[in-house]
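Throughout, protein chains are lettered first and strands after them, A, B, ... in sequence-line order, and every chain is numbered starting at 1. As the structure is a computational prediction, the values presented were derived from the model and not from experiment.
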Protein chains: 2
Amino acid sequence: MKRENLVYSEEIKEILLKKGIAPSFQRIKIYEYLISHRVHPSAERVYIDLVGFIPTLSRTTVHSTLNLFADKGMARRLFIDGNLVRFDIDSSDHMHFKCTKCGEVYDILKSSPKVTSPEHKVLSGEMYLYGICKKCKEE
Amino acid sequence: MKRENLVYSEEIKEILLKKGIAPSFQRIKIYEYLISHRVHPSAERVYIDLVGFIPTLSRTTVHSTLNLFADKGMARRLFIDGNLVRFDIDSSDHMHFKCTKCGEVYDILKSSPKVTSPEHKVLSGEMYLYGICKKCKEE
DNA sequence: TCCATAATTTGTATTTATTACAATGTTGAA
DNA sequence: TTCAACATTGTAATAAATACAAATTATGGA
Ligand SMILES: [Mn+2]
Ligand SMILES: [Mn+2]
Ligand SMILES: [Zn+2]
Ligand SMILES: [Zn+2]
């Protein structure tokens, strides 16, 4: 393994420890994957891509790790698709756009509109946009 | 059947015909259900509630009918939950709020924020809000 | 170091939502 | 009435996610 990656892993260890998460090999690799593949992957996508590199990896670990990250506020669950959950390691305030032609999910780097309700206590919100992406338009 | 319901069904027939949909008994009943149960039900919810009334009803019919309504612009698919699709017969411009305690999905009767993108062609958008509903707050 | 315990991962089974598809049933125009 | 197109049904298949117990690994005190 390259020194770069080792340093990378050391930094990730710190991040996980600060959140009270034991920095296991699998968790570090999943975190690293999310950091370097910013396409809002599903659990299955993470699994498929990492299992080539970690042959003993199980889907259960991927799911439980992604849910752990989300519950600790280190990742965001995106319900932009109907029947699968995507994950975003970038929990900063931004929106998402899904191309209905190619299926890709892009960041819209503006803060999400703030909506309040006179009756309910609104704690969070997600704005999902749909349409045709730049790449698909040009074809 | 009460005369009221017959009139209701007649009106629904007109609505379906105008959209080019054959007004079968099942479709009319599913439409009627959506009109009179405005809680953004899932396909399973619609099926469970209607199968007592229409014993031969199949899940496939419910799914295909709801998808037909959505594709014809007569209903909206809501991805406010992670792994199930809810349907909303009200396709007017409004937002949705889900109570994370009781799970209920409420309407927020304001028009959804309009977001554009300099690169992508945005065709539609959905704003989902999460928090604690009025009822749960009061307990 | 060694051991006991806790934490984590794994693999399998299960659950749940949805779709695929062929067989059956229904309807309306000729 | 007949027939072809359309709609519904039931079963099987697919797919995402979870439940759970067994196996593995890490940790901390003797
Ligand atoms: Mn993002
Ligand atoms: Mn609504
Ligand atoms: Zn595209
Ligand atoms: Zn509530």
Q. Starting at CD of A:Gln26 and ending at P of C:dT10, how long is that distance when rounded to a whole Å?
A. 4 Å

**Q.** Gap between atoms CD1 and C1', on B:Ile28 and D:dT8 respectively (whole Å)
**A.** 15 Å

(Q) Starting the side chain at C-beta, find the nucleotide from D:dT9, C:dT10, C:dT18 nearest to B:Ala43. (A) C:dT18

(Q) Of the options C:dT9, C:dA17, C:dT19, whose atoms approach the side-chain atoms of A:Thr61 most closely? (A) C:dT9

Q | Atom-pair distance (CZ on A:Arg27; P on D:dT25), nearest Å | A | 15 Å

Q: Run the ring-centre check on A:Tyr128 versus B:Phe79 and record whether the distance is less than 6.0 Å.
A: no

Q: Please state how far atom NE2 in B:His63 lies from atom P in C:dC21, giving the value in whole angstrom units.
A: 17 Å

Q. With sugar-phosphate meaning primed atoms plus P, OP1 and OP2, does A:Asp81 contact a base, only sugar-phosphate, or nothing at under 4.0 Å between heavy atoms?
A. nothing

Q: Counting heavy atoms from C-beta on, name the nucleotide in C:dT19, C:dT10, D:dA17 closest to the side chain of A:Leu84.
A: D:dA17

Q) Contact class for B:Ser64 (heavy atom, under 4.0 Å): base, sugar-phosphate, or nothing? A) nothing

Q) Are the side chain of A:His94 and the backbone of A:Ser92 linked by a donor-acceptor contact shorter than 3.5 Å? A) yes

Q.
Checking B:Leu78 against B:His96 for the side chain to side chain contact (heavy atoms under 4.5 Å, CB included) test, could you report, in this order, the C-alpha distance in whole Å, the side-chain angles of both residues, the deciding distance, and whether it holds?
A. CA-CA 9 Å; B:Leu78 301 185; B:His96 293 96; 3.6 Å; yes

Q | Side-chain donor/acceptor of B:Ser42 to base of C:dA17, under 3.5 Å | A | no

Q: Please confirm whether B:His120 and A:Tyr106 have ring centers closer than 6.0 angstrom.
A: yes

(Q) Under 4.0 Å, counting only non-hydrogen atoms across every strand here, what does A:Ser24 touch: a base, just sugar-phosphate, or nothing? (A) sugar-phosphate

Q) Taking only side-chain nitrogens and oxygens of A:Asn67, does any of them come within less than 4.0 Å of OP1 or OP2 of D:dT18? A) yes

Q: Report the distance from atom CG of A:Leu66 to atom P of C:dT9, rounded to the nearest whole Å.
A: 12 Å

Q.
Quick one, B:Glu32 with B:Ser9, criterion side chain to side chain donor-acceptor pair (under 3.5 Å). Give me CA distance, side-chain angles, the key distance, then yes/no.
A. CA-CA 8 Å; B:Glu32 199 175 287; B:Ser9 291; 3.3 Å; yes

Q: Among the candidates D:dT8, C:dC21, C:dT12, find the nucleotide nearest to the side-chain atoms of A:Thr60.
A: C:dT12

**Q.** Spacing between A:Leu50 atom CG and C:dT10 atom P, to the nearest angstrom
**A.** 11 Å

**Q.** Distance, rounded to the nearest Å, where B:Arg45 contributes CZ and C:dT18 contributes P
**A.** 13 Å

**Q.** Euclidean distance, atom CD1 of residue A:Ile30 to atom C1' of C:dT10 [Å, nearest integer]
**A.** 13 Å

Q. Nearest of C:dT10, D:dT9, D:dT18 to any side-chain atom of A:Thr56?
A. C:dT10

